[in-house]
Amino acid sequence: MTKPDVLVIGSNMVDLITYVDRMPVEGETIAAPSFEMGCGGKGANQAVAAARLGSNVSFITMLGSDDFGKMQLQNYKDVGIDTSTIGIGEANSGVAPIFVDPSSDNRIIIVKGANNELTPAVLEKYEDCIKEAKIIVLQQEIPLETDYRAIELANQYGVPVLLNPAPANKDLDIDYARRVDYFAPNETELSSLTKMPVDTMDKIEAAAQKMVDLGVKNMVVTLGSKGVLWVNKQHSEVIPAMHVKAVDTTGAGDSFIGSFAHYIAAGDSVDDAIRHANEYAGVTVTRKGTQKSYPSADKFKILKEKIFINQ
Ligand code: ATP
Ligand code: RIB
């Protein structure tokens with residue numbers, strides 16, 4: 001087991017992405033122009049983004065006992081992720097049928113499969129890895145109890161934690177949100193947690209402020225093409241996204257989270273890490289697919305010069 005810059009504890013899925021001209025109505029069958037299969041899942045996406053940027057990444061996840069599981073394991077090896085903390089479950093792999101419309105928006109259904117087998121007991125086998133990480137990244141496609149146990153262990157060893165509360169889960173215990181260093185929902189997740197409206201920037205800020213008032217240390221709220229709102233006790237700032245022509249925003253949030261973790265582990269201030277992660281996520285939305293759209297550090301440099309030419 002190597003010492004990770006970034007330790008991701010979370011999900012893996014196989015993404016089944018259909019690009020549609022429009023969504024079918026109930027009872028209707030329509031033909032779609034194209035389909036792509038790729039490796040996805042929020043945890044895996046975040047791990048891959050950090051690894052492609054050059055972080056030393058470990059990933060604690062449970063793969064399915066099927067060909068999809070084998071495909072994903074090979075993918076992580078190819079990307080250079082430490083696979084010694086990856087287990088094989090009894091269930092099939094998690095899968096995610098995804099529909100992307102011409103405006104680049106997506107609808108996703110997840111079937112968690114073996115991800116449900118990433119229990120606190122499985123996690124505890126990797127306490128040594130948790131202790132050594134520079135930052136731990138969590139999401140909510142595995143049992144919540146496992147996220148809670150990860151936060152307890154990270155707190156015990158003084159390791160910073162980034163929790164991306166996605167997909168939204170109303171059962172999340174706010175006490176655990178207080179115990180992480182960076183709490184990073186998107187607008188919808190923020191609204192679901194606070195039960196507050198988020199249809200204007202003022203309302204988004206009020207909802208994020210409510211979480212800070214409840215004791216959350218740093219709110220990092222992703223706002224799609226509007227960028228990111230960063231709020232803590234001393235500070236409230238919107239850091240704008242890059243101006244790009246988006247073709248597929250699937251996994252944009254994960255590319256932001258994974259790259260943000262990479263930049264924090266590399267020593268960036270929160271402010272700089274958000275700016276750099278906005279750039280990385282901005283590049284990924286100009287490309288199709290989830291992990292497929294995440295460039296390596298070298299490719300990112302080249303793409304940045306091309307895509308952000310007038311900014
Ligand atoms: P998903 O669930 O599809 O992964 P999300 O809702 O979690 O996405 P968003 O808030 O949509 O995440 O986007 C995350 C980040 O990606 C934004 O903060 C921004 O940096 C970048 N981004 C997303 N959409 C765009 C866009 N149209 N133009 C530029 N940057 C974008
Ligand atoms: O955030 C995007 C991801 O959500 C997809 O890769 C899909 O697998 C779902 O987990």
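Since this is a predicted model, take the numbers as computed values, not measurements. All values below come from the heavy atoms of this structure, side chains included, with hydrogens, waters and symmetry mates left out.
- Cation-pi geometry between Lys288 and Tyr19 is satisfied (NZ or CZ under 6.0 Å from the ring centre, within 45° of the ring normal).
- The closest donor-acceptor contact from the side chain of Gln291 to the backbone of Val48 lies at 3.5 Å or more, if one exists at all.
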Is there a side chain to side chain contact (heavy atoms under 4.5 Å, CB included) between Val100 and Thr250? Walk through the geometry before answering. CA-CA 8 Å; Val100 180; Thr250 317; 3.6 Å; yes
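- Residue pairs meeting the ring-ring contact (aromatic ring centres under 6.0 Å, His included) criterion with at least one member in residues 203-241, sequence neighbours excluded, are Trp230-His235.
- Tested against Phe183, the residues Leu172, Val212, Ile174 include a single side chain to side chain contact (heavy atoms under 4.5 Å, CB included) partner, Leu172.
- Glu141 has no carboxylate O lying under 4.0 Å from a charged side-chain N of Lys112, or vice versa, which leaves the two without a salt bridge.
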Where do Ile135 and Val161 land on the side chain to side chain contact (heavy atoms under 4.5 Å, CB included) test, with the steps shown first? CA-CA 6 Å; Ile135 185 166; Val161 179; over 6 Å; no
Show your reasoning for whether side chain to side chain contact (heavy atoms under 4.5 Å, CB included) applies to Leu7 and Val137. CA-CA 6 Å; Leu7 168 61; Val137 183; over 6 Å; no
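- Checked for salt-bridge contact, Lys301 and Asp298 miss the test: no charged N lies under 4.0 Å from a carboxylate O.
- Summarising the local packing, CZ of Arg178 is surrounded by more than 12 heavy atoms from other residues, nucleotides or ligands at distances under 6.0 Å.
- Between the side chain of Ser259 and the backbone N or O of Ser255 there is at least one donor-acceptor pair closer than 3.5 Å.
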Using the side chain to side chain contact (heavy atoms under 4.5 Å, CB included) rule, take Asn232 and Met219 through it: C-alpha gap first, then chi angles, then the decisive distance, then the call. CA-CA 6 Å; Asn232 62 23; Met219 289 296 294; over 6 Å; no
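- Residues Phe99 and Asn106 are not in side-chain contact: their nearest non-hydrogen atoms beyond the backbone lie 4.5 Å or more apart.
- If you look at Tyr280 and Phe256, their ring centroids are not closer than 6.0 Å.
- The side-chain hydrogen bond (donor to acceptor under 3.5 Å, both in side chains) test applied to Asn155 returns Arg179, not counting sequence neighbours.
- For the pair Asn164 and Asp254, the minimum side-chain heavy-atom distance is below 4.5 Å.
- Salt bridge Asp213/Lys210: absent, no basic N to carboxylate O contact under 4.0 Å.
- For residues 136-166, the set of pairs meeting the ring-ring contact (aromatic ring centres under 6.0 Å, His included) definition, not counting sequence neighbours, comprises Tyr148-Tyr176.
- Here the side chain of Asn45 pairs a donor or acceptor atom with the backbone of Gly41 at under 3.5 angstrom.
- Without hydrogens or angle criteria, Glu205 side chain to Asp202 main chain gives no donor-acceptor distance under 3.5 Å.
- A donor-acceptor pair is defined here as one N or O able to donate and one able to accept, closer than 3.5 Å; no such pair exists between the side chain of Asp5 and the backbone of Ala266.
- The residues Glu237 and Arg275 are annotated as salt-bridged, a charged nitrogen and a carboxylate oxygen being separated by less than 4.0 angstrom.
- Phe308 does not carry Lys306 over the face of its six-membered ring by the limits of under 6.0 Å from the centre and within 45° of the normal.
- Here the closest heavy-atom approach between residue Ala150 and residue Leu138 is recorded as CB-CD2, 3.8 Å.
- In this structure, the side chain of Arg52 does not engage the main chain of Ser296 through any donor-acceptor pair within 3.5 Å.
- A salt bridge is defined here as a Lys NZ or Arg NE, NH1 or NH2 lying under 4.0 Å from an Asp or Glu carboxylate O, and Lys203 with Glu187 fails to meet this definition.
- Enclosure of atom CD in Glu90 is not indicated, since only 12 or fewer non-hydrogen atoms of other residues, nucleotides or ligands lie within 6.0 angstrom.
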